[in-house]
*Asks:* 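Mind having a look at this structure? Questions to follow.
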Amino acid sequence: MTTDSLFGIDGRVLQLRQERLGLLASNIANAATPGFKARDIDFKAALAGATDATRYRVPVQSSLDGNTVELSVEQSQFAENAVHYRTALSFLGGRVGTIMAALNGGGE
């Protein structure tokens, strides 16, 4: 039995959300780094199994030093992704609880 058969898509979703949180945190950390190019994950492509779903973000307003991080956009995306991460974690926790209940015979 694989973890995919136990946890379904929730395990992969949680992993992708975690990877995206890391990228967005890196973007925020480099908001003042000249020439830094903001990156993000195309979540749908990554979930569909694309090998390279990481892409550079196209800024609405470029800075003169070449940095493409727009701090308000990054913070908003980070907060939204954190909510999705917690939701995926909750679904996965529910699935683990169901499996544990089944292993324990459904009793307390």
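Only a predicted model underlies this, so the values are computations on that prediction, with no experimental measurement involved.
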*Asks:* Using 0.5 Å steps for rounding, measure from the CD atom of Q77 to the CG atom of D40.
*Replies:*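 Reported to 0.5 Å precision, the distance equals 6.0 Å.
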
*Asks:* Is there a donor-acceptor contact under 3.5 Å from the side chain of T68 to the main chain of P59?
*Replies:*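 Such a contact is absent between T68 side chain and P59 backbone.
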
*Asks:* Quiz question: by atom type and distance under 3.5 Å, do the side chains of N81 and R17 form a donor-acceptor pair?
*Replies:*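 N81 vs R17: donor-acceptor pair found between side chains.
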
*Asks:* In terms of hydrophobic clustering (I, L, V, M, F, W, Y; side-chain heavy atoms under 4.5 Å; direct or indirect links), are Y85 and L24 co-clustered?
*Replies:*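 Shared cluster, yes.
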
*Asks:* Would you say F78 ends up clustered with L89 if hydrophobic residues are merged whenever their side chains have heavy atoms under 4.5 Å apart, either directly or through other cluster members?
*Replies:*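 L89 and F78: one cluster.
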
*Asks:* Could you grab the distance from atom CZ of R12 to atom CG of L92, nearest 0.5 Å is fine?
*Replies:*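 Spacing of CZ (R12) from CG (L92) equals 13.5 Å.
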
*Asks:* Verify, without hydrogens or angle tests, whether N27 (side chain) and R39 (backbone) share a donor-acceptor contact under 3.5 angstrom.
*Replies:*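 Here the side-chain-to-backbone pair exists.
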
*Asks:* Hey, any chance L21 and V83 share a hydrophobic cluster, counting ILVMFWY side chains that come within less than 4.5 Å of each other, even indirectly?
*Replies:*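 Not linked; separate clusters.
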
*Asks:* Could you state the interatomic distance from CZ (R57) to CD (E70), rounded to the nearest 0.5 Å?
*Replies:*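 Going from CZ on R57 over to CD on E70, the span is 8.5 Å.
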
*Asks:* Go through it in stages, so that I can follow the logic: the residues are V73 and V60, the test is side-chain contact (heavy atoms from CB on, under 4.5 Å), and I'd like the CA-CA distance, side-chain angles, deciding distance and then a yes or no.
*Replies:* CA-CA 10 Å; V73 171; V60 175; 5.6 Å; no

*Asks:* Between S90 (side chain only) and R86 (backbone N and O only), is there a donor and an acceptor less than 3.5 Å apart?
*Replies:*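 No, because the side chain of S90 does not come within donor-acceptor range (under 3.5 Å) of the backbone of R86.
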
*Asks:* State yes or no: do F91 and I99 share one hydrophobic cluster built from I, L, V, M, F, W and Y residues joined by side-chain heavy-atom distances below 4.5 Å, directly or via other members?
*Replies:*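 No; tracing contacts between hydrophobic side chains, which count when under 4.5 Å, never links both residues.
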
*Asks:* Whether the side chain of N67 engages the backbone of N30 through a donor-acceptor N/O pair (distance < 3.5 Å, no angle test) should be reported.
*Replies:*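 Yes; judged by distance alone, with no hydrogens or angles, the pair exists.
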
*Asks:* How long is the span from the CG atom in L14 to the CD1 atom in I9, to the nearest 0.5 Å?
*Replies:*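 Going from the CG atom of L14 to the CD1 atom of I9 covers 12.0 Å.
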
*Asks:* Hey, could you give me the CE/CG distance between M100 and L103, rounded to the nearest 0.5 Å?
*Replies:*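 Between atom CE of M100 and atom CG of L103 there are 6.0 Å.
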
*Asks:* Taking I41 as the starting point, is it possible to reach F36 by hopping between hydrophobic residues whose side chains are less than 4.5 Å apart?
*Replies:*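 Unlinked, F36 and I41 end up in two clusters.
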
*Asks:* Shortest non-hydrogen contact from A38 to V69?
*Replies:*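 For A38 and V69, the tightest heavy-atom pair comes out as CB-CG2, 3.9 Å.
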
